[in-house]
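Please read the structure below before turning to the comments.
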Amino acid sequence: MKKIVLFTVAFLFLGATYAQKNKLNLLIGTYTQGCDSKGIYVYDFDSKTGDFKLKNTSAPTVNPSFLTVSDDNKFVYAVNEFGSKSSVSAFNYDKSSAQLQLLNTQPSEGADPCHIITDGPNVMVANYSGGSITVFKKKSDGSLSAANQIISHEGKGPNAQRQEGPHVHMLHFSPDKKYVLATDLGTDTVTLYAYNPNSEKIVLTQTAVVAIKSGSGPRHLTFSPDGKYIYLLQELTAALSVFEYGNGQLKLIQETSLLSPDFKGSFSAADLHFSPDGKFLYASNRGEANTISIFKVEKNGLLKVQEHQSSLGKGPRNFVIDPSGNFLLVGHQYTNEVVVFKRNKKTGSLTATGKKISLCAPVCLVFTKK
């Protein structure tokens, strides 16, 4: 009898441990002015079932439209996108309780920051309307110093409405952390900066400016898992370009599109992410398209279109794939929901689960371990 009891206890313990391994924290940044939102929401997400439960929220914070988490999973940094009054906030992050405690806020020193990245000593922000990059140093408690370096882009593009000046849209570390790449929707460029993380003043030094097709509007990019290729999404044309990458140099080898040949209507390319195994690349498109495009990645880095699938909402600005690769979650800015899709790991295809997280204007989704 004693052996049966011990076996039962051990079985229940192992089951609970296994279930806990499936659980992740899902952080969601939102816009807070068009509807009722406190700012940052943290959900418990089960990567085996796709189920979720609200765990915590930040204290009210204005438009935390993009988030990044420190490498040690102890701090969250958010842009507060609010025109000329925009700022950047640092939060202490307790991964177990999912509590976010505001540490401090600094002016972004550029209007409408829309992207943010971090590593050990620095936090860097892309200011969209300001057309600039701001670098902040971290203090020992995770809070932010005042702006340490500000880099202003110059130029414009042929689209008078969208490219009247520079619009820095994204920052991305190279895999070896030797460079930071900046996409500029307004000037049709990708700028490479040598990264000097421990420098007191000059953290970023420009090394190259890569011209992208005129009027295309470079928005987001990502690296292949092996670091040999860069995939660049262009908002204004919905083009998806593939570059060979090495030692801070880019060479264009392919250009494809998020648009079906028979598509008629408005579009606005938004986000792209690899599946965890690197076999598929996904990209979102807004406007009247509202799709997730699925591409198979060939051995030579080139892309093959698999399908274009409805995102089941309006304004799929951002999406994320959970680390297990089981689910893809799409944040819809205009229909106020996150749609949960099941992924087929062999084919890359997506199947609606019917599960949706309802909340105000979700625009950034980030998974962290508990």
Side-chain angles (χ1 to χ4, degrees), residues 65-66 79 81 110-117 124-134 150-174 179-195 204-224 229-259 263 266-273 281 283-287 289 293 295 301-303 317-318:
S65 62
F66 211 90
V79 301
E81 188 179 341
D112 298 318
C114 63
H115 198 266
I116 185 169
I117 59 174
M124 288 170 275
V125 173
N127 298 303
Y128 180 83
S129 298
S132 62
I133 300 168
T134 307
I150 302 171
I151 300 172
S152 296
H153 283 197
E154 296 180 354
K156 60 182 180 179
N159 187 322
Q161 291 185 325
R162 297 296 309 280
Q163 297 181 305
E164 79 293 344
H167 294 304
V168 184
H169 213 304
M170 184 187 196
L171 303 174
H172 202 301
F173 287 112
S174 63
Y179 298 92
V180 170
L181 288 75
T183 61
D184 194 317
L185 183 146
T187 63
D188 293 319
T189 57
V190 174
T191 302
L192 286 87
Y193 293 92
Y195 181 49
L204 298 178
T205 304
Q206 182 180 306
T207 62
V209 179
V210 180
I212 309 302
K213 190 173 181 180
S214 180
S216 63
R219 180 182 171 92
H220 276 198
L221 64 79
T222 191
F223 281 82
S224 60
Y229 303 97
I230 289 175
Y231 300 83
L232 174 67
L233 190 59
Q234 291 132 84
E235 179 174 334
L236 304 182
T237 60
L240 179 55
S241 302
V242 184
F243 297 85
E244 288 182 344
Y245 175 80
N247 299 318
Q249 302 294 318
L250 282 72
K251 179 184 177 182
L252 181 66
I253 59 173
Q254 184 189 18
E255 187 165 291
T256 183
S257 176
L258 304 194
L259 301 176
F263 177 78
S266 64
F267 56 86
S268 180
D271 198 16
L272 77 169
H273 295 285
L281 182 65
S284 65
N285 199 357
R286 298 165 297 175
S293 296
F295 298 87
L302 301 183
L303 299 175
R317 176 166 171 167
N318 186 245

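For reference, positions follow the sequence shown, starting with 1.
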Show every donor-acceptor pair shorter than 3.5 Å between a side-chain atom in residues 238-249 and any protein atom, with sequence neighbours excluded, or say none if there are none.
residue	atom	partner	partner atom	Å
Ser241	OG	Gln234	NE2	3.0
Ser241	OG	Glu255	OE1	3.1
Tyr245	OH	Gly248	N	3.4

query: So Phe66 and Arg317, side chain to side chain contact (heavy atoms under 4.5 Å, CB included) or not? Walk me through it.
result: CA-CA 11 Å; Phe66 211 90; Arg317 176 166 171 167; over 6 Å; no
Validation row: [X], [Y] side chains within 4.5 angstrom (heavy atoms):
X: Ser65; Y: Val79; value: yes
X: Ile151; Y: Val168; value: no
X: Thr191; Y: Ile133; value: no

If I compare all heavy atoms of [X] with all of [Y], which pair ends up nearest, and what's the gap?
X: Lys156; Y: Thr187; result: N-CG2, 3.9 Å
X: Ser132; Y: Gly110; result: OG-CA, 4.1 Å
X: Ser257; Y: Phe295; result: O-CZ, 3.6 Å
X: Phe267; Y: Ala289; result: CB-CB, 4.4 Å
X: Ile117; Y: His172; result: CD1-N, 4.2 Å
X: Val125; Y: Pro113; result: CG1-CB, 3.3 Å

Keeping [X] on the side-chain end and [Y] on the backbone end, is there a donor-acceptor pair under 3.5 Å?
X: Thr189; Y: Val209; answer: no
X: Asn159; Y: Gly215; answer: no
X: Glu154; Y: Pro166; answer: no
X: Tyr229; Y: Leu302; answer: no

- prompt: Under the side chain to side chain contact (heavy atoms under 4.5 Å, CB included) criterion, do Thr183 and Leu232 qualify, and how do the steps go?
  reply: CA-CA 9 Å; Thr183 61; Leu232 174 67; 3.9 Å; yes
- prompt: With Phe263, which residues qualify under ring pair (Phe, Tyr, Trp, His ring centres under 6.0 Å), at least two apart?
  reply: none
For Thr134, side-chain hydrogen bond (donor to acceptor under 3.5 Å, both in side chains) partners two or more places apart: Asn127
query: Residues in side-chain contact (heavy atoms from CB on, under 4.5 Å) with Ser129, at least two apart?
result: Ala111, Asp112
query: For Ala283, what residues pass the side-chain contact (heavy atoms from CB on, under 4.5 Å) criterion, not counting sequence neighbours?
result: Leu233, Leu258, Leu272
field: Criterion side chain to side chain contact (heavy atoms under 4.5 Å, CB included) on Leu281 and Thr222, from CA distance to verdict
entry: CA-CA 10 Å; Leu281 182 65; Thr222 191; 4.1 Å; yes
Hey, could you give me the [atom1]/[atom2] distance between [X] and [Y], rounded to the nearest 0.5 Å?
X: Asp184; Y: Tyr128; atom1: CG; atom2: OH; value: 9.0 Å
X: Leu204; Y: Leu192; atom1: CG; atom2: CG; value: 11.0 Å
X: Thr205; Y: Tyr195; atom1: OG1; atom2: OH; value: 12.0 Å
X: Leu252; Y: Ile212; atom1: CG; atom2: CD1; value: 7.5 Å
X: Asn285; Y: Leu259; atom1: CG; atom2: CG; value: 6.0 Å
X: Asp271; Y: Arg219; atom1: CG; atom2: CZ; value: 7.5 Å

- prompt: How are the rings of His220 and His169 set to each other: parallel, tilted or perpendicular (split at 30° and 60°)?
  reply: perpendicular
- request: Check the pair Tyr193, Met124 against side chain to side chain contact (heavy atoms under 4.5 Å, CB included), reporting the backbone distance first and the verdict last.
  value: CA-CA 12 Å; Tyr193 293 92; Met124 288 170 275; over 6 Å; no
field: Summary of salt bridge (Lys or Arg N to Asp or Glu O under 4.0 Å) pairs that have at least one residue in residues 158-173, sequence neighbours excluded
entry: Arg162-Glu235
